[in-house]
Amino acid sequence: MYSLLLALIYMAFISLGLPDSLLGSGWPAIYTDLNVPVSFMGFVSMVISGGTILSSLLSDRLTRKLGTRMVTVVSVFLTAIALFGFSFSNRFWMLIVFAVPYGLGAGAVDAALNNYVALRYTSKHMSWLHCFWGVGAIVSPFVMSHALATSSWNNGYRMVGFVQLGIGLLLLATLPVWKANGQNAQGHARSLGLTGALKIRGVPTLLLGFFAYCAAEATAMYWASTYLVEVRGITAEQAAQFASLFYIGLTIGRFAAGFVMNKLGDRRMIVLGAGILSCGILLLLLPTGNAGVALAGFVVIGLGCAPIYPCIIHSTPDNFGPENSGAIIGIQMASAYVGSTFMPPLFGLLGSVSSFAILPAYLCAFILLMIVMTERTFRTTAPHSGREEAGE
């Protein structure tokens, strides 16, 4: 039952990753078909992010009331509805409407499952959980590419929608399996709430550090292609292919990191990831005309990013207590989405008025802030943390 439940959780995280890269991969066809400016993708992504932030903040209350298994099932069905809605959309306003259930479903399941795994499983399973998110994010652009080559972008959303529906039905049929880990053990405890969580020592620095990390990760994801074209002088087609290696590096890195996380512990893995990430940034700074060096830099950045997100999440129950982790992880998810939503556009604005060559410095500033804030968090919570010292 333990292994079956873990497989179901991994599958749920694949379902979380599947829709995430559809909009970007299909947008060149979508905006042309709907006859809207290319910049309108920002409106759709902002609505999705707004719903995600809201449901992340409410996830602790929902999980305590309904349980993780019901929040997961309902969230997967919400995203399935959104995907089918996108697949039938022939007006831009319809995308905006269906972006709402998409965002609400994604945020709730993200926070609920992260907290569930952080409480009940070791670091390696948290790393592999996020590895499976990467599997979903890597697969869906290929689905959209096939749909564009054979039919239309609508069919790409429809195909992923059917996969999402199938995962939702499987999760619904296997609801009794979740009882294996006593998932409702804390269901009657009082929710900490946003104000209560922020009063706990170490939480504000944790949120700032997580915000900074997610800002750096998302900026590297979204602007790698533009940097390679504008600064390194390669073609747009080559840049699009090369930038995808960041996601592959991130996914492979999370799979590989899972084998050493239990031994090294969350704190050491965060420091190790930051060190590798910094090496990738240094590769971008090397004064060479060889574009391959910059390409290697982005791959190394992806590998460095791999352990940081899952380890910050996994360390939360140990640092702040399992009774508080649901509320704090929900707020962490919200801070993550704020960083990944607003900081990449800020870089775009700065790069357009100065130069996109500032990307390494921009990333370095956020990574430095992340290191300082997460270390302060661990030092603040060290007297209350025993498991991390044991490297569990």
Side-chain angles (χ1 to χ4, degrees), residues 114-134 200-217 220 246 249-283 297 299-322 324-325 328-329 332-333 335-336 339 363-392:
N114 271 298
N115 183 54
Y116 190 90
V117 174
L119 285 171
R120 294 167 173 83
Y121 295 92
T122 59
S123 296
K124 68 178 181 181
H125 293 300
M126 179 64 80
S127 185
W128 290 337
L129 181 74
H130 288 271
C131 173
F132 277 93
W133 172 88
I200 299 176
R201 291 181 68 237
V203 170
T205 54
L206 172 70
L207 297 179
L208 185 56
F210 202 46
F211 161 86
Y213 165 73
C214 292
E217 180 190 272
F246 178 91
L250 188 68
T251 303
I252 293 175
R254 283 176 175 166
F255 177 76
F259 291 101
V260 296
M261 275 186 174
N262 287 0
K263 183 177 181 179
L264 295 181
D266 295 323
R267 185 175 183 177
R268 294 187 188 95
M269 287 300 299
I270 292 170
V271 174
L272 177 62
I276 296 173
L277 202 163
S278 299
C279 291
I281 294 175
L282 287 175
L283 286 174
V299 175
V300 174
I301 289 173
L303 289 171
C305 285
I308 297 176
Y309 192 115
C311 284
I312 291 177
I313 295 293
H314 187 266
S315 65
T316 301
D318 194 49
N319 286 336
F320 302 102
N324 298 323
S325 66
I328 294 173
I329 287 178
Q332 279 180 272
M333 295 295 101
S335 69
L363 296 178
C364 190
F366 282 112
I367 293 305
L368 181 60
L369 179 61
M370 182 273 295
I371 294 172
V372 171
M373 291 297 103
T374 54
E375 276 299 302
R376 286 189 64 180
T377 301
F378 278 108
R379 289 176 184 176
T380 300
T381 60
H384 311 289
S385 177
R387 189 175 62 183
E388 177 65 26
E389 297 299 323
E392 294 180 8

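One-based numbering along the sequence shown.
- The aromatic rings of W128 and F259 sit perpendicular, their planes meeting at an angle over 60°, well past the 30° parallel limit.
- Using cut-offs of 30° and 60° on the angle between ring planes, the pair F211 and F366 is perpendicular.
- In terms of heavy-atom proximity, A274 sits nearest to M370 at CB-CE, 4.1 Å.
- Between the Y213 side chain and the A336 main chain, no donor and acceptor come within less than 3.5 Å of each other.
- Put simply, the side chain of R254 gets close to the backbone of A306: a donor and an acceptor are under 3.5 Å apart.
- The two residues G249 and L303 make their nearest non-hydrogen contact at O-CD2, 3.3 Å.
- Considering only heavy atoms from C-beta on, D318 stays 4.5 Å or farther from D266 through its side chain.
- Rounding to the nearest 0.5 Å gives a distance of 4.5 Å between CG of L277 and CD1 of I367.
- For the atom pair CZ of R267 and CG of L272, the computed distance is 14.5 Å after rounding to the nearest 0.5 Å.
- When each of T374, I312, I329 is checked for a side-chain contact (heavy atoms from CB on, under 4.5 Å) with F210, only I312 meets the rule.
- At distances below 3.5 Å, at least one donor-acceptor pair connects side-chain atoms of T377 with backbone N or O atoms of L206.
- L129 places a side-chain heavy atom less than 4.5 Å from the side chain of N114.
- S127 places no side-chain N or O within donor-acceptor distance of the main-chain N or O of K124, the cut-off being under 3.5 Å.
- Between I313 and M333 there is a side-chain heavy-atom pair separated by less than 4.5 Å.
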Given R268 and V271, is the side-chain contact (heavy atoms from CB on, under 4.5 Å) satisfied, shown in steps?
CA-CA 5 Å; R268 294 187 188 95; V271 174; 5.7 Å; no
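- Between the side chain of H130 and the backbone N or O of L250, no donor-acceptor pair lies under 3.5 Å.
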